[in-house]
Amino acid sequence: MSEVTIFDRVLAGEIPAQVVYEDEHVLAFQDIMPQAPIHVLVIPKQKKRCYDDLADTNPEEVGQLFVGAARAARALGLAENGYRVVINHGRDGQQTVDYIHLHLLAGRQMIWPPG
Ligand code: AMP
């Protein structure tokens, strides 16, 4: 059993979050410390701890996460101007919450390479 994270508690409704999109498979809510004018986190309702866990996950389930994130971005009207999708994994990737999440960043020009 993995530890209960802050995102488990968001999903359970125990911690308030600004939900911007939800479907059967994902929940999308505003990041508490936004790094862009629009900064949304997308989590699967079926918990995975990290990106590495996807290597052992049914591709359909992985797809539901990505489809959900794309639909969230579309619902937020981000597709036309563009946005960045980020998944941090592990220590060097600077993952701080052990519940997989996609960052949707938008509303400003992104830079490349990323820091
Ligand atoms: P990461 O570094 O990829 O694990 O990203 C974790 C993200 O979760 C950071 O951008 C935090 O600002 C964000 N975060 C932490 N706690 C909360 C919370 N209660 N509600 C929304 N976002 C949060």
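One-based numbering, in listed order, for ligands and for the atoms of each. The first residue of the sequence shown is numbered 1, and numbering continues consecutively from there.
- The single protein non-hydrogen atom nearest to atom 8 (O) of ligand 1 is Phe7 CZ, 3.3 Å, given as residue, atom name and distance.
- Taking all heavy atoms of Thr5, Ile100, Ile32 into account, the minimum distance to atom 19 (N) of ligand 1 is reached by Ile32.
- The OH atom of Tyr83 lies 9.5 Å from the CG atom of Leu76; values are rounded to the nearest 0.5 Å.
- Taking every heavy atom of Asn88 and a limit of under 4.0 angstrom, the matching atoms of ligand 1 come to 1 (P), 2 (O), 3 (O).
- Note that the CD atom of Gln18 and the CD1 atom of Ile32 stand 9.5 Å from one another [nearest 0.5 Å].
- Against a heavy-atom cut-off of under 4.0 Å, Val97 is close to the following atoms of ligand 1: 4 (O), 6 (C).
- Side chain of Arg84 to backbone of His103: no donor-acceptor contact under 3.5 angstrom is found.
- Heavy-atom separations between His101 and ligand 1 include at least one value shorter than 4.0 Å.
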Report the C-alpha separation of Ile43 and Phe29 in whole Å, then their side-chain angles, then the decisive distance to 0.1 Å, and conclude whether the side-chain contact (heavy atoms from CB on, under 4.5 Å) test is met.
CA-CA 9 Å; Ile43 63 170; Phe29 51 94; 4.0 Å; yes
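- Lys45 places no side-chain N or O within 3.5 Å of a backbone atom of Leu11 that could act as its donor or acceptor partner.
- Regarding atom 10 (O) of ligand 1, its nearest protein heavy-atom neighbour is Asp31 OD2, 2.5 Å.
- For atom 2 (O) of ligand 1, the nearest protein heavy atom (residue, atom name, distance) is Gln94 O, 2.9 Å.
- Residue Met33 has at least one heavy-atom neighbour below 4.0 Å for each of these atoms of ligand 1: 12 (O).
- In this structure, His103 is part of the shell of residues with a heavy atom less than 4.0 angstrom from ligand 1.
- Remark: ligand 1 atoms within the under-4.0 Å shell around heavy atoms of Gln95 are 4 (O).
- Interface atoms of ligand 1 facing Gln30, defined by a heavy-atom separation under 4.0 Å, are 21 (C).
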Test log, rule side-chain contact (heavy atoms from CB on, under 4.5 Å), inputs Leu41 and Leu102:
CA-CA 6 Å; Leu41 301 173; Leu102 285 78; over 6 Å; no
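- Against a heavy-atom cut-off of under 4.0 Å, Leu41 is close to the following atoms of ligand 1: 8 (O), 13 (C), 22 (N).
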Quick one: do Leu54 and Thr57 satisfy side-chain contact (heavy atoms from CB on, under 4.5 Å)? Show the steps, please.
CA-CA 5 Å; Leu54 299 188; Thr57 300; 4.2 Å; yes
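- Counted within 6.0 Å of CD on Glu14, heavy atoms from surrounding residues, nucleotides or ligands total more than 12; the atom is thus considered enclosed.
- Taking the six-membered ring where the residue is Trp, His101 and Phe7 present perpendicular rings, their angle passing 60° and hence far from 30°.
- Ranking protein heavy atoms by distance to atom 4 (O) of ligand 1, first place goes to Thr96 N, 2.6 Å.
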